[in-house]
Amino acid sequence: MSDSNTAATEENAPGTPRTPSNFVRDIILEDLRTGKYQGRVHTRFPPEPNGYLHIGHAKSICLNFGLAAEFGGRTNLRFDDTNPEKEEQEYVDSIIDNVRWLGFEWQEPVCYASDYFDQLYAWAQQLVRAGKAFVCDLTADEMRRYRGTLTEPGKESPYRNRSVEENLDLLGRMKAGEFPDGARTLRAKIDMASPNLNMRDPVMYRILHAEHHRTGNKWCIYAMYDFAHGQSDSIEGITHSICTLEFEDHRPLYDWYVDQLGIYHPQQIEFDRLNLTYTLLSKRKLLQLVQEGHVRGWDDPRMPTLSGIRRRGYTPEAIRNFCGSIGVSKTNGTIELGLLEHFVREDLNRRALRAMAVLRPLRVVIDNYPEGQVEELDAVNHPEDESAGTRKVPFSKVLYIEQDDFREDPPKQYYRLSPGKEVRLRWGYFIRCTSVVKDANGGITEVHCTYDPETRGGNAPDGRKVKATIHWVSAGQAVDAEVRVYETLFTRENPNEVEEGQDFLSNINPASLEVLTGCKLEPSLRGAPAFGYYQFERLGYFCVDPDSAPEAPVFNRTVALRDSWAKIEKRGKG
RNA sequence: UCCCCGGUCGUCUAAUGGUAGGACAGCGGCCUUUGACGCCGUGAAUCGAGGUUCGAAUCCUUGCCGGGGAGCCA
């Protein structure tokens with residue numbers, strides 16, 4: 001609907017952020033143009049409270065809330081709580097929390113399919129009276145056999161032609177709790193020969209003597225998803241009911257129920273679910289990882305749950321930017337994890353204050369620096385944001401540097417510290433390595449250097465250059481910390497691709513969590529708040545884990561910085 | 001075998017009968033008190049075969065490939 005070529009050109013200009021269109025948005029645009037819903041746009045995000053939300057849900061949340069917001073519409077948060085056996089209040093709470101954290105506001109109040117149980121029941125009676133539904137006594141097993149197969153039509157249930165009176169009576173008694181679980185069902189009377197299995201007299205209600213997290217023991221029959229979802233949309237005046245591709249085959253049934261009931265008819269639109277490399281986005285499998293202890297919980301920073309990636313240090317903005325960039329279509333694709341990491345780096349680069357931390361310390365003694373002297377040097381907090389100011393970092397005779405930043409026998413192109421070579425200590429002095437101290441096994445325990453007092457702050461008055469600037473922490477003032485370094489939870493791009501006889505658990509990455517203790521932080525990091533994020537210079541983005549104690553900080557590595565040296569080195573090794 | 005939905009650079013996506021474009025990833029370079037960031041450059045695609053058309057990624061036919069579907073789950 002862009003009004004000119006100019007607009008299109010501007011939108012496509014490199015570097016200009018834009019919300020690309022997509023086919024769902026196009027449908028809404030068209031409906032707005034034709035006045036199909038009198039200009040209304042009302043979407044909904046309908047999770048089942050049977051697990052924690054994950055990054056895949058974030059895509060749906062951003063789509064639903066984003067589209068409504070763009071057109072001045074509303075979005076409901078509705079729990080699809082029609083199966084009390086799997087649903088819990090804990091999940092409701094976490095979902096509400098996660099959606100809010102992501103930065104979206106729903107139309108109050110929070111909705112629940114269970115709010116509509118009475119209405120749904122009345123509608124069921126209406127279909128019975130219309131001769132469109134019947135009580136069936138077939139067992140689950142029998143029903144499966146009667147259903148037919150993908151290639152052969154099914155057979156009609158022997159109970160299909162009960163009278164309206166008998167059906168009404170039986171339905172009432174089902175509701176009254178007269179029958180055990182599974183004894184009977186209420187079924188829609190559609191077409192046992194339909195090529196769409198969902199239309200072969202689908203179950204509307206099943207008997208389930210289970211306590212519901214909201215309605216308690218009021219009900220012992222529960223509507224199936226298909227008999228609840230479309231009507232819930234209808235009740236709420238939803239215009240565009242956006243769901244994932246696997247519900248495509250259910251759309252005819254969705255339409256059938258609202259049409260037979262003669263109620264307001266929203267339109268269901270299906271899009272492709274998010275898949276991410278090295279990541280599992282199946283609630284069932286995520287639950288298994290938690291229950292079997294393969295991870296430390298739903299919010300383990302290795303989990304793709306919103307709670308997990310939040311704890312990992314991802315920001316809502318990064319996730320929203322990612323969701324906005326991946327597009328919406330109907331192709332089954334898999335996004336590379338690297339794209340998500342790109343967006344978190346982009347956001348964190350902009351906002352994270354810089355600090356120095358040494359993860360794998362190597363002691364450095366500066367032989368010509370006065371014993372016992374400590375000076376305070378100025379360090380810039382953010383190289384691209386002057387308003388972030390500066391801080392003081394202590395400097396003294398004994399420091400720690402990263403083990404990776406010293407090589408006794410430096411390979412080609414290695415710029416960092418090695419015997420006889422000079423480097424700059426970030427915001428400090430130039431130092432030159434004079435000797436190496438080793439233990440009995442030949443392991444390097446300490447490096448001795450001299451410093452050039454003229455280079456305070458990092459510049460040489462004589463104009464000489466160094467190839468590298470490395471980070472460091474003064475030993476006497478360092479804060480000890482635990483740092484948790486994460487790799488992907490799975491070793492394969494597709495964790496579901498397994499050897500014969502194995503399951504996805506065989507693809508778990510044994511190195512997905514590395515706990516580093518005795519890491520050395522610059523003192524300004526003392527007392528950093530939980531979830532606070534920083535860039536540890538030259539290493540990556542890190543955030544404070546809630547496991548932290550006042551004198552025992554714990555950091556999570558959110559994502560490493562891009563590392564072109566690692567690439568060069570890897571290439572060299574072939 | 002039956003029904004539904006898909007197939008555009010390595011990956012995701014745009015082009016809605018009229019120049020196949022962008023992002024990420026890759027590669028090369030510049031810059032640099034982060035081997036970061038940034039900047040510049042570069043390679044890289046319409047599943048196949050027919051047809052309609054002045055013109056096809058787009059429309060038609062057909063084949064191939066991929067995904068989903070036989071819960072009293074959602």
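All chains are named by letter (A, B, ...) in the order of the sequence lines, taking the proteins before the strands, and each is independently numbered beginning at 1.
Checking the phosphate oxygens (OP1, OP2) of B:G26, a side-chain nitrogen or oxygen of A:K567 falls inside 4.0 Å. Close to B:C4, at under 4.0 Å from its OP1 or OP2, lies no side-chain N or O of A:R251.
Across all strands shown, A:N459 has heavy atoms under 4.0 Å from base atoms, whether or not it also approaches the sugar-phosphate. Within 4.0 Å of A:Y429, counting heavy atoms only, lies no atom of the nucleic acid at all. Looking at heavy-atom distances under 4.0 Å, A:L150 makes contact with a base.
Set against B:G35, B:C2, B:G68, the side chain of A:D249 has B:G68 as its closest nucleotide. Which of B:G71, B:C12, B:A36 sits closest to the side chain of A:L561 comes down to B:A36.
With pairs defined as Watson-Crick or G-U wobble and both atom distances under 3.5 Å, the stems of at least three pairs that touch RNA chain B come out as B:2-7 with B:64-69, B:10-13 with B:21-24, B:26-30 with B:38-42, B:47-51 with B:59-63.
The aromatic rings of A:Y451 and A:F395 are tilted relative to each other, their planes meeting at an angle between 30° and 60°.
Cation-pi check for A:R424 over A:F430 is not met; the charged atom does not lie both under 6.0 angstrom from the ring centroid and within 45 degrees of its normal. Cation-pi geometry between A:R214 and A:Y112 is satisfied (NZ or CZ under 6.0 Å from the ring centre, within 45° of the ring normal).
Under the 90° criterion around 0 for the glycosidic angle, B:G63 counts as anti.
Within a 6.0 Å sphere centred on CZ of A:R273, other residues, nucleotides and ligands contribute 12 heavy atoms or fewer.
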